[in-house]
Number of protein chains: 2
Amino acid sequence: MSSVLDGLAVDPASDRAVFRQIADQLRTAIRGGRLSEGDRLPSEAALIDHYGVARMTIRNALQILETEGLTRAEHGRGVYVRRKPPVRRLASDRFARRHRKEGKAAFIAESEQSGARPDVDMIRVNEMEAPSEISGRLGHAGPVIVRSRRYSLDGTPVETATSYIPADIARDTPIADPNPGPGGIYARLEELGHTLERFTEEVTARMPTEAEVRLLALMPGVPVFRLIRTAYDAQGRAVEVCDTIMSADAYVLNYELPAH
Amino acid sequence: MSSVLDGLAVDPASDRAVFRQIADQLRTAIRGGRLSEGDRLPSEAALIDHYGVARMTIRNALQILETEGLTRAEHGRGVYVRRKPPVRRLASDRFARRHRKEGKAAFIAESEQSGARPDVDMIRVNEMEAPSEISGRLGHAGPVIVRSRRYSLDGTPVETATSYIPADIARDTPIADPNPGPGGIYARLEELGHTLERFTEEVTARMPTEAEVRLLALMPGVPVFRLIRTAYDAQGRAVEVCDTIMSADAYVLNYELPAH
DNA sequence: CAGTGGTCTAGACCACTGC
DNA sequence: CAGTGGTCTAGACCACTGT
């Protein structure tokens, strides 16, 4: 009976803690392909037997791998090598006007092109005072229409987004309606005379909050992108700020930079 | 004697595990400002006394906060609320030619402008076959000059970068020299007739490897950005691929997107 | 039901810090 | 030196999974 553990042993005299040595060996087995995506790791009991250590030592080792995002523990089933989800690439021209022509919002149009089944839920719309982080980017304080929603692909949540539009622009328009109509709110903004001229995006990454873990069904060890996009019209006025949280293991962000 | 723990207790009958409840209460104290940046948390012994639980229960709670990046444990001293490092904003025009005129490489010029003391070390240059990830972006296989280095600000490492330039362009030029001269390798590429026309950047985020933790002196719970930039010359040829790893808590990436 | 991981207890010894 | 966190042992009971 051969096992991924064959020949592996720890050196109790080493400077490196035993649980780290065990984590190292399991990590090497995963990266080296001796344990593939979806494979089950030896159970805690098997590891305790093999290495001759206490359970907490094994659990500390497994915790390292989970924190690194390499494994996923399933209660009552075992610890598994995590499968990498399909990656979604965002092109930097995804908000170009030509992509808005067919009357579809950016997320829907893009996903259907890549063959995934897009879904939007948890849509909420209300009006409030802009938080300072938002009013700073909009360039003025005052009430805003807030549109929040969650996007999923093939049933898996991948991103939450909250848009802030100045109320003097959006109040009593389809933008303040849960369903803003074909082309999404960018199409409505242009119909209202706010031709979109440019966007800026600010990208940060961090570990998720507990609320984000729930909303995006995030696995442990997966960071999130926070992407704050500001849309400017032809007059140079900021007409929307969109605050997006994305599962980092599901996205690659592509950008095009000028050299001149 | 007042303490941040005053009035805090756990409900052993709750569905939520005791160590999570304790972590919740400490997190709330930090976010609510009752514990500020740099403050010491109550010691493990004090928490054991206060909550009347075993040490592992406390340590599990503290581990949650450390994984979230909220605290930092210092052996023999205590557990402290982590200070947020100064943030470095990268503008999307940072490689524009006009910024290259004064004869300084992008990182140096930019840092001095922001008042920090930049430093570059661990410079290594050699020639090898391009890894497939790189040759794919360069558009052809073959030998490449590999330049790797580490950037620091005020003595703190913030970023490692590895550039790959096709050897048929860079061999026996200053680009293959550890010190490529004023303006960096982009200035040299342009002198060699490769006028830089555009750049693409691909941004991902993930938890760091152990090697990255060492190189960038990363705190636990801090993800890294991986930014792969490809530089194209006026003929449309990819002349450099730069693979960068950045501490995510030290960076905000800014991009400008066209609307047309 | 047996086997799995989740939580928790009650100790032990060690290494590091600061006085 | 006392106080701190780092590592480790040897148990216990529980909740969840699959047969």
Side-chain angles (χ1 to χ4, degrees), chain A residues 1 3 5 9-26 35 38-67 70-82 210 213 219-221, chain B residues 1 3 5 9-26 35 38-67 70-82 210 213 219-221:
Chain A
M1 63 133 254
S3 140
L5 299 178
V10 292
D11 171 13
S14 162
D15 272 355
R16 193 157 177 80
V18 171
F19 75 92
R20 291 188 201 282
Q21 294 183 53
I22 295 174
D24 291 344
Q25 295 180 0
L26 293 172
L35 283 165
D39 282 0
R40 216 196 79 183
L41 271 65
S43 73
E44 293 182 357
L47 291 166
I48 289 166
D49 280 353
H50 178 87
Y51 286 108
V53 297
R55 190 172 173 209
M56 278 312 301
T57 305
I58 294 299
R59 284 184 65 80
N60 279 335
L62 292 174
Q63 161 110 37
I64 291 181
L65 301 181
E66 178 137 359
T67 300
L70 289 174
T71 61
R72 161 186 87 248
E74 297 187 19
H75 196 170
R77 303 214 323 125
V79 177
Y80 294 83
V81 179
R82 188 176 307 167
E210 295 218 345
V213 168
M219 306 308 295
Chain B
M1 64 134 252
S3 139
L5 299 178
V10 292
D11 170 13
S14 161
D15 272 355
R16 192 157 178 80
V18 172
F19 76 92
R20 292 188 202 282
Q21 293 183 52
I22 295 174
D24 291 344
Q25 296 180 358
L26 293 172
L35 283 165
D39 283 1
R40 215 197 79 182
L41 271 65
S43 72
E44 293 181 357
L47 291 166
I48 290 166
D49 280 354
H50 178 88
Y51 286 107
V53 297
R55 189 171 173 209
M56 277 313 300
T57 305
I58 294 299
R59 285 183 64 80
N60 279 335
L62 292 174
Q63 161 110 38
I64 292 180
L65 301 180
E66 178 138 358
T67 299
L70 290 174
T71 60
R72 160 186 87 249
E74 297 187 19
H75 196 171
R77 303 213 326 124
V79 176
Y80 294 82
V81 179
R82 188 179 303 169
E210 295 219 344
V213 168
M219 305 309 293

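Chain letters run A, B, ... following the sequence lines, proteins first and then strands; every chain starts at 1. Because only heavy atoms are used, hydrogens play no part in the values below, and waters and symmetry mates are left out as well, while side chains stay in.
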Novice: Tell me which of Arg55(A) and Arg59(B) sits closer to the 5' end of DNA chain D, going by the nucleotide each one is nearest to.
Specialist: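 Looking at DNA chain D, the more 5' nearest nucleotide goes with Arg59(B).
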Novice: For residues Leu65(B) and Leu26(B), determine if any side-chain heavy atom of one lies less than 4.5 Å from a side-chain heavy atom of the other.
Specialist: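 Leu65(B) reaches Leu26(B) side chain to side chain.
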Novice: Do Ile48(A) and Arg55(A) come within less than 4.5 Å of each other through their side chains, counting heavy atoms only?
Specialist: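 The answer is yes; the side chains approach within 4.5 Å.
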Novice: Check the distance between dA12(D)'s P and Ile48(A)'s CD1 and give it to me in whole angstrom.
Specialist: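 Atom-to-atom, Ile48(A) to dA12(D), this comes out as 14 Å.
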Novice: Tell me the closest heavy-atom pair linking Glu44(A) and Leu62(A), and the distance in Å.
Specialist: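 Looking at all heavy atoms of both residues, the shortest contact is CG-CD1, 3.8 Å.
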Novice: Rounded to whole Å, how long is the line connecting atom CG of Leu47(B) with atom C1' of dC8(C)?
Specialist: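 Between C1' of dC8(C) and CG of Leu47(B): 16 Å.
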Novice: Can you give me the dot-bracket string for DNA chain D, 5' to 3', counting Watson-Crick and G-U wobble pairs with both distances under 3.5 Å, using [ ] for crossing pairs and | for partners on another strand?
Specialist: ||||||||||||||||||.
Novice: Tabulated below should be each protein N or O lying under 3.5 Å from an N or O of nucleotides 15-19 of chain C; please produce it.
Specialist:
residue, atom, partner, partner atom, Å
dA15(C), N3, His75(B), NE2, 2.9
dG18(C), OP1, Arg77(B), NH1, 3.0

Novice: Quick check for you: among dT4(D), dA12(C), dT9(D), whose closest atom lies nearest to any side-chain atom of Thr57(A)?
Specialist: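 So the nucleotide nearest the side chain must be dT9(D).
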Novice: Provide the closest heavy-atom pair for Met56(B) versus Met56(A) in the form atom of the first, atom of the second, distance.
Specialist: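 In this case the closest contact between Met56(B) and Met56(A) is CE-CE, 3.2 Å.
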Novice: Taking the side chain from Gln21(A) and the backbone from Arg16(A), do they hold a donor-acceptor pair closer than 3.5 Å?
Specialist: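 Yes, because the side chain of Gln21(A) sits within donor-acceptor range (under 3.5 Å) of the backbone of Arg16(A).
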Novice: Considering heavy-atom distances to DNA chain C, does Glu44(A) or Val18(B) have its closest nucleotide positioned more toward the 5' end?
Specialist: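 Looking at DNA chain C, the more 5' nearest nucleotide goes with Glu44(A).
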Novice: To the nearest Å, how far apart are Asp15(B) CG and dC14(D) P?
Specialist: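 Rounding to the nearest Å, CG of Asp15(B) and P of dC14(D) are 15 Å apart.
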Novice: On the side chain of Arg16(B), is there an atom forming a donor-acceptor pair with the base of dT7(C) - under 3.5 Å, no angle test?
Specialist: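 Checked by distance alone, the answer is no.
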Novice: Using a 4.5 Å cut-off on heavy atoms from C-beta on, say whether the side chain of Val18(B) contacts that of Val53(B).
Specialist: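 Contact flag for Val53(B)/Val18(B) side chains = yes.
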Novice: Check the distance between dG11(C)'s P and Ile58(B)'s CD1 and give it to me in whole angstrom.
Specialist: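 Taking atom P of dG11(C) as the reference, CD1 of Ile58(B) is at 16 Å.
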Novice: Figure out the CD/P separation between Gln63(A) and dT7(C), and round it to whole Å.
Specialist: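 About 10 Å, once rounded to whole Å.
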Novice: Report the distance from atom CZ of Arg72(A) to atom C1' of dG5(C), rounded to the nearest whole Å.
Specialist: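 My rounded result for the distance is 14 Å.
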Novice: Nearest whole Å is fine: how far is dT9(D) C1' from Asp49(A) CG?
Specialist: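 Result: 15 Å.
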Novice: A side-chain contact here means heavy atoms from C-beta on lying under 4.5 Å apart; do Arg20(B) and Ile64(B) qualify?
Specialist: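 Yes, close enough: below the 4.5 Å cut-off.
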Novice: Contact between Gln63(A) and Gln63(B) at the side-chain level, heavy atoms closer than 4.5 Å - yes or no?
Specialist: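 Contact flag for Gln63(A)/Gln63(B) side chains = yes.
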Novice: Write down the distance between CZ (Arg40(B)) and P (dG3(D)), rounded to a whole number of angstrom.
Specialist: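 Going from CZ in Arg40(B) over to P in dG3(D) covers 12 Å.
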Novice: With a 4.5 Å heavy-atom cut-off, do Tyr51(A) and Ile22(A) have their side chains touching?
Specialist: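 Yes, side chains in contact.
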Novice: Taking donor-acceptor contacts at under 3.5 Å, does the side chain of Arg20(A) reach the base of dT7(D)?
Specialist: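 Absent.
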